[in-house]
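Lettering follows sequence order; numbering is per chain, from 1. Keep in mind that the numbers below use all heavy atoms, side chains included, and drop hydrogens, waters and symmetry copies.
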Protein chains: 2
Amino acid sequence: MNSLEAEATAQEPQTPDVTELILQDILAGRLPPGTWLKQIDLERRYNCTRPEVRRALDRLVQKRLVEHIPNRGYHVHEQDGRRAQEVSDIRVILEVAVSDRIIANASTADIAKLRTLALRFDDLVLNGTMLELYEANLAFHRHLLALAGNQELVELITEIRQRTSSAPVSQWRTRARIEQSGREHQQMVDAIERRDVSHLMELTRKHILQA
Amino acid sequence: MNSLEAEATAQEPQTPDVTELILQDILAGRLPPGTWLKQIDLERRYNCTRPEVRRALDRLVQKRLVEHIPNRGYHVHEQDGRRAQEVSDIRVILEVAVSDRIIANASTADIAKLRTLALRFDDLVLNGTMLELYEANLAFHRHLLALAGNQELVELITEIRQRTSSAPVSQWRTRARIEQSGREHQQMVDAIERRDVSHLMELTRKHILQA
DNA sequence: GGATCATAAATTGGCGCCAATTTGATTACC
DNA sequence: GGTAATCAAATTGGCGCCAATTTATGATCC
C-alpha cells in the first residue's frame, strides 16, 4: 500500500512497527537466508527495545519467514526450492481459476488503473531499488486479484507470496527476466480489455511459473 | 494431529502452549465470538504468566481469530458471513482443482486410511464432543489433501479453515447435517476408489459449500 | 601436538513492576 | 430529574532485570 517511508534506517525516534522493518530488510535481501538474528543486534539496528524485537521475531516465525531454535536463536529461513514450487502451484490454481471473474468485473476505470500500475513497474525497472520493484509488482497483482471480488483471496496470496520468496533478488535473476515480466503485465491487461478469458488464463499461468 | 490431551482445564504445572489452549476453547465454542479476552482472566484460566498470555493473544491476532483494539483489549473475532463465504470459495477452487492429483496418487493403503478416518468421524457423531468431531473432520480432510502431493496446500487450507470457522458449532447446525457430512466422506472415498475424477470434484464442491 | 574438560563470556528467555489510558461511578450542576 | 464533569478502579502495555542455557576460549592431560 504505502511505499517505503522508512528509507532512513533508524533515524526517527517514532516506532513504525519493527516487524515491518525487519520484513522489508529480509525481502530486500539485506538480511540473506541463514542470517542469525541476534536480539541485541536488532535492538540497536532498529533502535527499539528488547520486547519489541521479540514480538517481531515471533510474528516472523508465524509467517514462516524466520526459524526459531529454542535456546539457540532465530535465523532467516533458508530458501526451500520445493516449497517455492508448491506455492507457485497454488498461485497458478487460484489465479487462473478466477480469471473469468476478473474479466467479468473489470471496468474501464479498473483497466486504466492496472495500466498505471504496470507502467510504474516498467519505470522502476530502470531507476528503482529491488524493494520498490517488488512492491510495485505486488501492487499490480493485488489490484488485479481484487477484481475477482474476493478480499480474502487477495490477502491470502499476498501472505503466501511473502512466505517463500525470502529475497526478491532470487526471484528475478536477470534484468531481461524483469523486463519480460513487465511485458507480461501489459499483455495481461490487454487480454482483460479484449475480454479474452482463455488468453488471460494462459498468460497468468506462464507469468507465475517462470517468475 | 494429537487429539486433546489437555482435557483437564488447568491442572498440570507444565506449559503446553497457551496459544493452542485458547485456540481450542475458541474452536469449541467455549469462548464465543465477541468475548473480551481480559489478560488477568486468561492468566488465571490457563494458569500461566502475563507475557505468555500476551504472546498467545498476539499470535491469535496474526491468525485473524481475535481482534485487537489498542488500549481497549482483545476480543474473539465476530463471525463474518462474507469472509466465511469467501474462504469457502477459495477452498472449492483449490480442492476441486487437485481432485485429479488426489486420484492419481491414491494407493490402496491411502484409501484404507481414509476409510478409517471417515469411520472415526461417523463414530464420533454419536459419542464425542464437538471439538473431537471437528478434529476428526480436519484429520480426514488433511489426509485427503495430502494425497495431492503439495504439503503447503495442506497447511494453507488448515490455516484458512481456522481463520473463519470460529465456532465449529456454527458450521454444522443440525445433527442431520453432520450425518450427511459423514456420508459425503464415504462417497468421496468411493469416488477415489473408482477413480472417478469428475464425481469427486462435484462431491467436493457440494461438501464444502454446504458445510 | 591434539583432544578433552573446565571455565568465562554471551545470548536467550522468563518474569514482575510501574506508567498511561480507559471505564465506570459518584457528585455537582443545570 | 437528567446531564456533564471529576475522580477512582481496573486494565492494558512498555520496559528492564536476572536466571538458564549455550558457545567460545584457554588450560590441562594424554
How would nucleotides 8-24 of chain C be written as a contact map, 5' to 3', with B for base contact, S for sugar-phosphate-only contact and - for no contact, using protein heavy atoms under 4.0 Å? ---SBBBB-----SSS-
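- Considering only heavy atoms from C-beta on, B/Glu159 stays 4.5 Å or farther from B/Lys63 through its side chain.
- A side-chain N or O of B/Gln180 and one of B/Arg183 form a donor-acceptor pair less than 3.5 Å apart.
- Considering only residues two or more places apart in sequence or on other chains, A/His68 meets the ring-ring contact (aromatic ring centres under 6.0 Å, His included) condition with A/Tyr74.
- The only member of B/Arg50, B/Arg54, B/Lys38 that meets side chain to side chain donor-acceptor pair (under 3.5 Å) when paired with B/Glu43 is B/Arg50.
- The closest side-chain heavy-atom distance from B/Arg161 to B/Asn137 is below 4.5 Å.
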